[in-house]
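Below: one structure, written as C-alpha cells.
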Amino acid sequence: MAKLDATAPQPIQLKDYLPPAFLIDKVDLTFDLDEDHSRVTSRLVLHRNPAHPDTRAPLRLDGRELELEALRLDGEPLDGSRYELDAESLTIASMPDNAILEIVTVIHPETNTSLNGLYRSGANFYSQCEAEGFRKITYYLDRPDVMARFTTTIVADKAKWPVLLSNGNKVGEGALDRNRHWVKWVDPFKKPAYLFALVAGKLSKLADKFTTASGREVALEIWVEPADLDKCDHAMASVKKSMAWDEQRYGLEYDLDTYMIVAVGDFNMGAMENKGLNIFNTKYVLARPDTATDIDFDGIESVIAHEYFHNWTGNRVTCRDWFQLSLKEGLTVFRDQEFSADMGSAPVQRIEAVRALRTHQFAEDAGPMAHPVRPESYIEINNFYTVTVYEKGAEVVRMYQTLLGRDGFRRGMDLYFKRHDGQAVTCDDFRAAMADANGYDLDQFARWYSQAGTPRLTVRGRYDAAARSYTLEVAQSCPATPGQAEKLPFHIPLALGLVGPDGADLPLRLAGETEATAGTRVLSVKGARETFVFEDLAVEPVPSLLRNFSAPVQLDFPYTRAQLIHLLAHDGDAFCRWEAGQTLMLQDLQGLIEAARAGKPLALADDFVAAMRQVLADEALDPALVALMLTLPAETYLADGQAGHGLDIDPDAIRAGREAMKLGLAQALRGEFKQAYVRLQDDGPYRFEAAAVARRSLRNVALSYLGELDEPVLIELAGKQYAAANNMTDAQAALAVLVNWAEGDAALAAFAAKWAHDALVMDKWFTLQAGSRRLGTVAQVQRLMQHPAFSLANPNKVRSLVGAFVHNNLAGFHAADGSGYDFAADTILAVDKLNPQMAARLAGCFNRWKKLEPGRRGLMHAAIERVAGHAGLSRDVYEIVSKNLQ
Ligand code: TRP
Ligand code: ZN
C-alpha cells in the first residue's frame, strides 16, 4: 500500500516558510531550439539575502529532468567537488555573497508530455511555468518571492520557427548561419520565474491597438495557427473591453508596449498570465458563431479578462509563496466576475457563479480534499489550483466589498498597490490594506483564510404582532474537515431585506436605531449566536436572506412553501428570487429521490408546478433568469444534498427522481414551453449580446424540456432546429436533445463528419455523448476513446470525454457493477504516465466514495487502492488517492 511507504512524498508546510538564502537581480537566458533537444544558457546575477537567518547558507537551485552541460561561477568552471546534484536540485555549498552563475542545460521539449516547462505542440514550442515549471528549463530559485529582471534570446531555424516570442519588449533580431535566426526580448519588470514564457513556431497574428487613459499606445497581438485567424475577433474585442474596464473601475493601466496572447491546443488549464505574453488554451480564444456557443463566448470574455487583470493582481503584486495562491487567484476571479457582471446581466452572472460554487466548491469542502482558502500544507502544488482557492477565494474578496462598500473596497485596493507594487506578499497583507484604508477591524475575518468547510447559518424568525417587531435569531457553525475538528465563528456579512405582503421591501429599523433604511442592509454577524430585532412592522414579513449570496455559507431557514412561492414571485433581489424557486425545487426533488428509492410512484406537487408555470409566463422577467429558474440542479449536487442529509448516495434513485421532475414539468407545461419556444425564435444573424443570449438560453431550455416527451413531433422539432441552426448554441442544444433518442445517431454522425477538422468542436461531440443518458456508458466512452479525434495526451480531449463522464454523469459513471471505477482507475494510471497534473484531476472522481451506498462504496474503495498501490505513481495522483484513503 502506497500510504505505508516510507518513501512516500512528504508535504510542504506553510509554517516552514523561510525567505530565500539568495536573491536574483538579473537573469539572461539564451534558448537554442531544435528538433531533438534544446539548449538553455542562463546567466544569473545573485546576491545573498540579508533577510535569511543563515549568512553562510548554501545556494540550492531547483531543477528537474535537466542535463547539466556546464556550470561557471564568476567566470570559472566549477569542478564536481564544488556542487551536488540530485533529482530535484543543484546545490553549491560555498558561495560568495555576490556572484555571477552561468548554467548550461539540455532539455527535451519534444518528449515532454506533462505540458509543464518547455514542450512541443505540433511543431511549435510553448512554455508553462506556473507553478514550478521553470525548474524543468534551467536550475533556478523557482519560488515566487525571488523576483528578477529577465532578458531572453531565442535562436532557432528560421523556416521551422519563424515567430519567436518571450516576455516584455522586443529589442533586437537578426539572421545567423545555417538558416537560423535570433530574437531578443527584455522585460523591464521584475518577476518570479513562474511568469516566464517562450513561444516559437509558425503562427499568425491578429493585430490591433489600445490607447490607455494616460495616452500611451499599446500594440495588441493574438497569435494562433494560421487556419484559426478568422476566430480571434471576439477575443480581441474582449481584450479591449478588459483594458478599458480596469482603468475605469480600478484606475489600473497596462504597463508594456505590447500585450500578446498565444493560443495553444495542448494546455493543462484555461490560460496563463505570463508577463506581456499570456498563453491560452485555444478553448478560451477561438470563437466563430458556427463553432462556439454562447457559453464559449462568455467564457472567452471572462478568461481574457482574468488573465489581463492578473497583470496587476498577480504580476505587479505577486505571491510570497504558493500557500498565498488565492491572493492572486481569488482576487482576480472576483475582478473577472465583476467585469462580466458589467458586460452582461449582473444577476445572471451572480446566479451562475453561485451555482458553480455550490456544485463544485461545496462538494470539495465536504470531501477528503477540503482545505482552507490559504492551505496549510500540500504535497503537489498543482493539486491546489482548486475551486476553493479560486471560487471560494473570490467569495472571500467579495465579502470585503460587501462589508466595506464599493468605494471602501477601492480604497483598500489603492492602498494595496501603493504599499506592495513590485513585491511578493501574503493574504494578510491584502487584508491589512483593506482594514487600514477603511479603519475597519478585519481580525476575525482572517478565519475565512484559515478554516476549511462550508459554514452553516441557521436563522429563525419570530413576529410579535403586539410589539410590531420581527426578531431574527442567527446561529453559525462549521463542520469538521480533515485536520480541523473545531471551528471558531466567522465574520459573516448577512445581506437581507424584509418582504411585505405586497412583495415590496419594508423599511428596516433595528432596535436602538432612530431611523429606518430602505431596501437591503448588511448585518455583520460575528458571534456564534446573535439576535437582531427589527421594529415598526405592522405585518409579518417574509425574510429575504443572504441577498446576492452575501457569504459562501449554507443557509438554514424553515421557510413555508407559501413563503417560498411569495419570494419567488416578488423578491426584489434577483438572486433570492431564483433561490426561492431552487429551494422549492430541491425539496421536491429530494422527495422524488426518496420515492424512487422506496419504489413509490413519482408525482410532482401542484403548487410547485403552478409556481413554475407562473415563472414561465412572466414575460417581464429577463428570459435568462427564467431559464435559470427552470434549470434543475446537477445530479452531483443532488448527491451531495443526500449525503448532507446523512443518506447514502444512490445514483440510480437520483437519476430517476431528477428525470421524473423534468418529465413531469414537461408534461404539465407542454403548451407553455411550446409557446415560449415559438415566441423566442430569433431570425436575424447570430449576435453575442445579453438580450439575444437570454432569448436563446430560455428557448433552448424549453426545447430540452419538450425533448423529454417521447413524441415524434417534438423530436422532429429538435431535428429541425439542428438542421436550420446558424450558430453552435442552437445546434448543440438540439443535438443534446437528439442524443437521448435513437434519432441522435444520424445527427452525431453528421456532426462528426462536418467538424472532423476542428478540435474544439469535436470536444463538444465527445462531451454530448459522455453526458447522454442513452450513450453515456462505460462501454461507449471506451469505444469513443478509440476515435481518431481522441487523444489521451491532449487535456481538452481527456476533459471533454473522460472528465465529463466521471465527474458529471453520476448514474453512468456509478454503474452498479463498478465498471466505471475500473475504467477510471485504468485511465488515471494511463494518463499519469503522460501528464500527472491531468491524471490527478481525473482522480478527483473518487472524492465522494465514502458517501456512496455500501455496494458501490466497496467497489470504489478497491479501485482507489489499486491506483494507490501502483508502482511509480506521480506525486500528483498520490496526494489525491492517499487523502481519499485516510
Ligand atoms: N494562473 C493561471 C490562471 O490564470 C492558472 C494556470 C494556468 C495554471 N496554467 C497552469 C496553474 C498550469 C497550474 C499549472 O488561473
Ligand atoms: Zn488566475
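Counting convention: from 1, in listed order, for ligands and their atoms alike. We use all heavy atoms of the structure for the numbers below, so side chains are in, but hydrogens, waters and symmetry mates are not.
- Near Glu273, meaning under 4.0 Å from one of its heavy atoms, ligand 1 places the atoms 1 (N), 2 (C), 3 (C), 4 (O).
- Atom numbering of ligand 1 starts at 1 in the shown order; those under 4.0 Å from a heavy atom of Lys328 are 1 (N).
- Protein heavy atom closest to atom 13 (C) of ligand 1, with residue, atom name and distance, is Glu130 O, 3.6 Å.
- None of the N, O or S atoms belonging to Glu307 lies under 2.8 Å away from the Zn ion (ligand 2).
- The Zn ion (ligand 2) is closest to atom OE1 of Glu329 (considering only N, O or S atoms).
- In summary, of the residues considered (Trp185, Phe125, Phe196), a ring-ring contact (aromatic ring centres under 6.0 Å, His included) with Phe31 occurs for Phe196 alone.
- Checking each of Glu273, Arg316, Glu253, Lys275 against Asn311 for a side-chain hydrogen bond (donor to acceptor under 3.5 Å, both in side chains) leaves exactly one that passes, namely Lys275.
- Ring orientation note: the planes of Phe323 and Tyr378 are tilted relative to one another, at an angle of 30° to 60°.
- If you number the atoms of ligand 1 from 1 as listed, the ones under 4.0 Å from a heavy atom of Ala271 come out as 2 (C), 3 (C), 4 (O), 5 (C), 6 (C), 7 (C).
- Asp365 places no side-chain N or O within 3.5 Å of a backbone atom of Ala452 that could act as its donor or acceptor partner.
- The side chain of Met269, and not its backbone, has at least one atom closer than 4.0 Å to an atom of ligand 1 (non-hydrogen atoms only; side chain from C-beta on).
- At a heavy-atom cutoff of 4.0 Å, ligand 1 is contacted by the side chain of Asn382 but not by its backbone.
- Considering backbone and side-chain atoms together, Glu329 places an N or O closer than 3.5 Å to an N or O of ligand 1.
- Note on ring orientation: taking the six-membered ring where Trp is involved, the planes of Trp448 and Phe445 are tilted (angle from 30° to 60°).
- A donor-acceptor pair under 3.5 Å is formed between the side chain of His371 and the backbone N or O of Met369.
- With ligand atoms numbered from 1 in the order given, ligand 1 contributes 3 (C), 4 (O) to contacts under 4.0 Å with heavy atoms of Glu307.
- From the protein, the heavy atom lying nearest to atom 15 (O) of ligand 1 is Tyr390 OH, 2.6 Å.
- The aromatic rings of Phe339 and Trp245 sit perpendicular to each other, their planes meeting at more than 60°, with 30° as the lower class boundary.
- Salt-bridge annotation for Glu364 and Arg358: absent, with no side-chain N of the basic residue lying under 4.0 Å from a carboxylate O of the acidic one.
- Residues Asn794 and Gly265 come closest through the heavy atom pair ND2-O, 2.9 Å.
- Within the listing of ligand 1, atoms 9 (N), 10 (C), 12 (C) sit less than 4.0 angstrom from a heavy atom of Gln128.
- Heavy-atom proximity to His306, at under 4.0 Å, picks out these atoms of ligand 1: 3 (C), 4 (O), 15 (O).
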